[in-house]
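Taking it in order: structure first as structure tokens, then the write-up.
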Protein chains: 4
Amino acid sequence: MWFVVDPHSSVPIYAQIKEKIKAMILNSKLKPGDSLPSIRTLAKDIGVNVNTVARAYRELELEGIIRAERGERYAVVGFEDKIYFETKERLIKELKSVLKRCQDLGISKEEVLRLLEEVYMHQNEGGDEYDNSKE
Amino acid sequence: MWFVVDPHSSVPIYAQIKEKIKAMILNSKLKPGDSLPSIRTLAKDIGVNVNTVARAYRELELEGIIRAERGERYAVVGFEDKIYFETKERLIKELKSVLKRCQDLGISKEEVLRLLEEVYMHQNEGGDEYDNSKE
Amino acid sequence: MWFVVDPHSSVPIYAQIKEKIKAMILNSKLKPGDSLPSIRTLAKDIGVNVNTVARAYRELELEGIIRAERGERYAVVGFEDKIYFETKERLIKELKSVLKRCQDLGISKEEVLRLLEEVYMHQNEGGDEYDNSKE
Amino acid sequence: MWFVVDPHSSVPIYAQIKEKIKAMILNSKLKPGDSLPSIRTLAKDIGVNVNTVARAYRELELEGIIRAERGERYAVVGFEDKIYFETKERLIKELKSVLKRCQDLGISKEEVLRLLEEVYMHQNEGGDEYDNSKE
DNA sequence: GTGGTCTAGACCACA
DNA sequence: GTGGTCTAGACCACA
């Protein structure tokens, strides 16, 4: 597949995988009915353990976003609005919290704005990296 | 003391405490030579475990920002530029990463901008809350 | 053929097929000497994978209940008492286990009784559905 | 703790643990606010791996039935009616399905009734065994 | 001490 | 081939 995961991030790998897949559904890079790479394939692809991918898929299934039949691949179901807004709300809280910490530490609004432009300039052409700002 | 900590945040409490104290030094709410509340006092004050405050103080001491004195006293040393920039750089990376995730999840630049204004409007009058967007 | 299988049940499909065929022998819907549908036919009929039917037939053959004949034909041999009692005992254990879990979860005896009546009222007229309580 | 798990059951161990804890809440053997044994303690107690208990607890937490704070024990929150009914409904479906299979296999209503009496006679005095009908 | 994440690897059920 | 479960054990963060 098609994305990168950051093992040093404080965001757990399984959570990064979940978020990436959700993002790809929003992007329409993954559409309802599409099948996902098998657990083992994805695990090898992004260089993590099978169990880690399995956990991500299992939780996405519990959230009703993907679904597996017996012995078959996982397929995208879709992204209920409710789940979507929950995910978004959680991320917005995180953003707000980080912004407050920036203000506290004396990072100026202009500096943040510059970063914002920088990130959003890349029209998600690649969009595949998770957090390429880390080593 | 003078600040609040969010036990549900994914940022560890000890790290929140460290950052808050650094911010207060930047703010000049704490100046070199000022003494800090004792570990036990602060712990009781903000409602966290003593070990948590102890860890924050220990690490701040290692960074040369505060100094242990006789009898459980800690005093502010100051905030060397080098340390300050490191701290700031780390936070900026975190911000960039969150911004990328926002873009991935389809949160518009305008929406982020709105949040940015909202946060920075409060001229840090209080500045005491860590993440008051949570219940 | 003549029965339905529930792909969402926790009972494996091949086991459902086996049990169904055994039941039909008991019912005398299938008699010794009768031939069974070919693996492919049955698979297409009930909409499952060929391997799944193959496994069911293979195991039924091992139990001496059916017999492979020339050219993909399978014929009913019969249902030896010994095998019959084993099958029955296994199911009774399963039932006991489920009943205990019902008790644990606070489902009353009356409620179970009501279900029992409901299920047994249908004199197996159809008998074709495996678990028609699912959507 | 206080219960037994059946490693040979087709019900996964983590699911058995979840169901047992739910049952104990219904029983009022566990009340809101009570703390649960630590993951490691329970794991040793019932002889399974730490990860298995961790998964059970994690899922119960996702369902809102128990909850852990940082570095603290898990505590019982309670059992929302919605979750309770879902759990019960799922079990009732399972029971219905097993009853149908019993009928199919020619187990008489009287026989089932006898089992029902037998199981429910034990007024859950012990109630601690998961499925002691298995070896 | 507590829980959380992750790995490597086994073994099973299913198609 | 596919996914599911489980284990043993490591390592980390937190109190």
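Residue numbers start from 1 in every chain, and the chains themselves are labelled A, B, ... in the order their sequence lines are given, proteins ahead of strands.
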Separation of atom CD1 in D/Ile13 from atom P in E/dA10, rounded to whole Å: 19 Å
From OH (C/Tyr57) to CD1 (C/Ile17), nearest 0.5 Å: 8.0 Å
Between C1' of F/dA13 and CZ of B/Arg58, the distance in whole Å: 12 Å
B/Arg40: salt bridge (Lys or Arg N to Asp or Glu O under 4.0 Å) partners, not counting sequence neighbours: B/Glu72
Consecutive-pair stems (at least three Watson-Crick or G-U pairs, under 3.5 Å) that include DNA chain F: E:1-14 with F:1-14
A/Arg55 side-chain N/O to E/dT5 phosphate OP1/OP2 under 4.0 Å: yes
side-chain N/O C/Thr52 vs E/dA15 OP1/OP2, d < 4.0 Å: yes
Nearest-Å distance for atom pair CD/C1', residues C/Gln16 and E/dC14: 12 Å
Those residues that, when tested against D/Lys18, pass salt bridge (Lys or Arg N to Asp or Glu O under 4.0 Å) (two or more places apart): D/Glu59, D/Glu63
Atom pair CD1/CD of D/Ile46 and D/Gln16 - distance to nearest 0.5 Å: 9.0 Å
For C/Arg67, all residues meeting side-chain contact (heavy atoms from CB on, under 4.5 Å), sequence neighbours excluded: C/Glu69, C/Val77
Rounded distance (nearest 0.5 Å) linking atom CD of B/Glu19 with atom OH of B/Tyr14: 11.0 Å
Which residues share a side-chain contact (heavy atoms from CB on, under 4.5 Å) with B/Thr87, sequence neighbours left out: A/Leu105, B/Lys22, B/Phe79, B/Ile83
Contact under 4.0 Å: C/Tyr14 side-chain N or O vs E/dA15 OP1/OP2: no
5'-most by nearest nucleotide on DNA chain E - A/Arg40 or C/Val50: A/Arg40
Under-4.0 Å side-chain N/O to phosphate OP1/OP2 contact, A/Ser38 with F/dG3: yes
Candidates E/dG4, E/dA13, E/dC6 - which lies nearest the side chain of C/Pro12: E/dA13
Toward the 5' end of DNA chain E, by each residue's nearest nucleotide, A/Asn49 or D/Glu61: D/Glu61
Sugar-phosphate only, base, or nothing, as touched by D/Val48 at under 4.0 Å among non-hydrogen atoms: sugar-phosphate
A/Ala75: side-chain contact (heavy atoms from CB on, under 4.5 Å) partners, not counting sequence neighbours: none
Spacing of D/Tyr57 atom OH relative to E/dT2 atom C1', expressed in whole Å: 12 Å
Among E/dA15, E/dT2, F/dC6, the one nearest D/Thr41 by side-chain distance: E/dT2
Protein-nucleotide distance (A/His8, atom NE2; E/dC6, atom P), rounded to Å: 13 Å
Interatomic distance where CD1 belongs to B/Ile39 and P belongs to F/dA15 [whole Å]: 14 Å
Atom-to-atom span, CG of D/Leu62 to C1' of E/dG4 - whole angstrom: 13 Å
Check: E/dG9 base within 3.5 Å donor-acceptor of A/Asn51 side chain: yes
Spacing between A/Arg67 atom CZ and F/dG3 atom P, to the nearest angstrom: 15 Å
